[in-house]
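In what follows, a single structure is set out as structure tokens and then discussed.
Just the heavy atoms: all of them, side chains too, but no hydrogens, waters or symmetry mates, feed the values below. What you are looking at is a predicted structure, and each value in this text was computed from that prediction instead of being measured.
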Amino acid sequence: MTPTHFAFSSTFFLGLAGLAFHRTHLLSALLCLEGMMLSLFIALSLWTLQLDSTNFSTSPMILLAFSACEASAGLALLVATARTHGTDRLQSLNLLQC
């Protein structure tokens with residue numbers, strides 16, 4: 001495994017570990033998801049550069065567009081949660097009360 005592959009895989013798994021073990025606030029979960037998506041974007045971009053192929057050149061841009069949509073939907077949910085519940089703590093959210 002090259003140091004580049006190790007760096008991007010460890011970045012992805014650090015974001016995944018942060019999402020799995022540190023779920024106190026909705027904002028921290030969204031930041032972990034965004035870090036995972038950015039590591040996937042950089043890894044996919046480097047992969048297409050290493051292949052020297054134009055067939056996969058649009059896939060990093062599509063992933064970046066989906067990442068932007070995910071971030072905007074997450075921020076909209078964060079604002080709605082903060083307005084209705086007064087906090088973004090995930091422990092205080094109860095789906096049965098909605």
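The same ILVMFWY cluster, assembled from side-chain heavy atoms under 4.5 Å apart, contains both Leu51 and Leu46. Residues Phe13 and Trp47 are members of one and the same hydrophobic cluster, defined by side-chain heavy-atom contacts under 4.5 angstrom among Ile, Leu, Val, Met, Phe, Trp and Tyr. A single hydrophobic cluster is not seen to contain both Leu30 and Leu14; linkage of ILVMFWY side chains at heavy-atom distances under 4.5 Å, directly or through other members, places them apart. Met36 and Leu38 fall into different hydrophobic clusters, defined by Ile, Leu, Val, Met, Phe, Trp and Tyr side-chain heavy atoms under 4.5 Å apart, directly or through other members.
To the nearest 0.5 angstrom, Thr58 atom OG1 is 12.5 Å from Leu64 atom CG. Rounded to the nearest 0.5 angstrom, Ser67 OG and Ile62 CD1 are separated by 13.5 Å. Separation of atoms CD (Gln50) and CG (Asp52) is listed at 9.0 Å; rounding is to 0.5 Å. Taking OG of Ser45 as the reference point, atom CZ of Phe8 lies at 9.0 Å (rounded to 0.5 Å). Distance CG/Leu16 to OG1/Thr11: 12.5 Å, rounded to 0.5 Å. Going from atom CG of Leu19 over to atom CG of Leu33 covers 5.0 Å, rounded to the nearest 0.5 Å.
Screening residues 68-83 for side-chain hydrogen bond (donor to acceptor under 3.5 Å, both in side chains) gives no qualifying pairs among residues at least two apart or on separate chains.
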* May I have the step-by-step check of side-chain hydrogen bond (donor to acceptor under 3.5 Å, both in side chains) for His5 and Thr2, ending in yes or no? => CA-CA 5 Å; His5 289 100; Thr2 64; 2.4 Å; yes

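Listed here is the closest heavy atom pair of Asp88 and His25: OD1-ND1, 2.9 Å. Taking every heavy atom of both residues into account, Met61 and Phe41 meet most closely at N-CE1, 4.5 Å.
A 4.5 Å side-chain heavy-atom check between Leu44 and Pro60 finds at least one atom pair inside the cut-off.
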